[in-house]
Amino acid sequence: FPVTIGGEKQKTVTAKINQMQKDGAKYATQYGYSQKGIADGYEELVKRGYEGAQSIGSMKSLMQAARATGDDYSDVVRNTATALENFGLKTSDTASMMANTKTVTNQMAFAADMTATDFQSLGKAMEYVGSSAHQSGFSLSETASAIGILSNNGLEADKAGTGLRKVINSLQSPTKSAQGALAELGLSTQDFVDKSGKMKSMTDIFELLNQHTSKLSQSEQGSIFHALFGTTGQTAGSILAASASQLGELNEKVFIVTGK
């Protein structure tokens with residue numbers, strides 16, 4: 001029986017290792033990273049279940065992102081890989097992985113550059129909220145933009161991620177208290193979905209909440225958002241509702257970086 005590594009035959013693995021070594025030497029010269037650091041990046045991807053083609057397809061964009069953001073290369077590898085996986089962008093062929101990795105790194109780097117967060121903190125937030133956002137039909141660009149808006153208002157990294165995750169989960173499966181709060185505003189969960197039953201964009205949802213809460217007193221807003229999103233999501237929900245227009249503007253800019 002042929003020896004396999006990560007699901008690949010030994011002959012295929014050997015060829016791809018040779019390609020990785022060639023790429024490593026080239027990228028070390030081009031981007032100024034050590035070949036050991038680059039090899040560690042490959043190893044991190046392999047540990048996460050990436051096969052040779054997937055790893056090869058990812059590396060150039062990861063190098064470019066690390067140099068552009070000034071973040072540690074290993075952090076960029078880990079955070080980008082997490083986002084790729086959470087948003088269903090991990091594919092089996094080199095060309096698709098190159099395109100998807102470029103999309104993730106460009107959108108995350110741009111969102112970080114345009115807001116108070118950085119690539120590492122945005123990546124940390126994505127660890128908590130990425131999967132929930134994707135399952136709810138929200139795009140990478142609007143999720144990154146929302147995290148950036150939260151960072152502008154003092155909610156960073158894990159706090160931004162857990163807060164936004166709570167908001168998303170509450171929008172889809174509100175508690176009885178949240179349903180009552182929505183009813184007080186003249187809303188229901190049906191107002192957050194389109195005709196096909198899919199969740200509307202974050203911008204549309206938070207703009208709707210803003211329209212129905214902006215004239216309330218600060219105390220009333222606090223009570224409503226606590227009922228809607230609980231202690232964990234209250235601050236995030238309040239920020240995003242008040243910043244709905246900025247969220248939409250930022251998402252347009254982040255999206256247009258790659259058009260995905």
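In this chain, numbering begins with 1 at the start of the sequence shown.
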Which side-chain N or O atoms in residues 222-241 pair as donor and acceptor under 3.5 Å with protein atoms at least two apart or in another chain?
unit_1 : atom_1 : unit_2 : atom_2 : d
Ser223 : OG     : Ser219 : O      : 3.3
His226 : NE2    : Thr231 : OG1    : 3.3
Gln234 : NE2    : Gly222 : O      : 3.2

Is a donor on one side and an acceptor on the other found under 3.5 Å between the side chain of [X] and the backbone of [Y]?
| X | Y | result |
| --- | --- | --- |
| Asp191 | Ser188 | yes |
| Asn210 | Ser214 | no |
| Thr69 | Asp71 | yes |
| Asp194 | Met199 | no |

Do [X] and [Y] get their side chains close enough for a donor-acceptor pair, meaning under 3.5 Å?
| X | Y | value |
| --- | --- | --- |
| Thr82 | Asn79 | no |
| Ser201 | Asp204 | yes |
| Ser217 | Gln221 | no |
| Thr101 | Ser58 | yes |
| Thr203 | Glu142 | no |

Test of understanding: with side-chain hydrogen bond (donor to acceptor under 3.5 Å, both in side chains), list the residues that count as partners of Asn251, not counting sequence neighbours.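 Checked Asn251 against side-chain hydrogen bond (donor to acceptor under 3.5 Å, both in side chains); matches are Ser141.
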
Looking only at heavy atoms, which two atoms of Lys90 and Arg48 are closest? And how far apart?
->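 Nearest pair, atom of Lys90 first, then Arg48: NZ-O, 3.5 Å.
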
Check: Does a salt bridge link Lys253 with Glu249, judged by any charged N lying under 4.0 Å from a carboxylate O?
Finding: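 No salt bridge links Lys253 with Glu249.
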
request  = Answer yes when Glu44 and Arg78 have at least one side-chain N-carboxylate O distance shorter than 4.0 Å, and no when they do not.
outcome  =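 No, this pair does not count.
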
Going by the rule ring-ring contact (aromatic ring centres under 6.0 Å, His included), which residues pair with Tyr73 if we only count those two or more places apart in sequence or in a different chain?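 Tyr73 satisfies ring-ring contact (aromatic ring centres under 6.0 Å, His included) with Tyr33 only.
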
Q | Contacts of type ring-ring contact (aromatic ring centres under 6.0 Å, His included), residue His134, not counting sequence neighbours | A |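 Testing His134 for ring-ring contact (aromatic ring centres under 6.0 Å, His included), a comparison that skips the adjacent residues, returns Phe87.
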
Any residue meeting salt bridge (charged side-chain N to carboxylate O under 4.0 Å, His left out) with Glu43, in chain and number order, not counting sequence neighbours =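 Glu43 satisfies salt bridge (charged side-chain N to carboxylate O under 4.0 Å, His left out) with Lys47 once adjacent residues are dropped.
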
Exercise for the section: Please say whether more than 12 non-hydrogen atoms of neighbouring residues, nucleotides or ligands are located less than 6.0 Å from NZ in Lys200. Expected result: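 More than 12 within 6.0 Å, yes.
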
- Message: Measuring from atom CD of Glu252 to atom CG of Leu250, what distance do you get when rounded to the nearest 0.5 angstrom?
- Response: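 One finds 10.0 Å between CD of Glu252 and CG of Leu250.
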
*Listed once per pair and sorted, the side chain to side chain donor-acceptor pair (under 3.5 Å) pairs that draw on residues 151-164, sequence neighbours left out*: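 For residues 151-164, and leaving out neighbouring residues, the side chain to side chain donor-acceptor pair (under 3.5 Å) pairs sorted by first residue read Thr117-Glu156.
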
Q. With a 4.5 Å limit on heavy-atom distance, are the side chains of Leu164 and Tyr128 in contact?
A.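 No. Closest side-chain heavy atoms not under 4.5 Å.
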
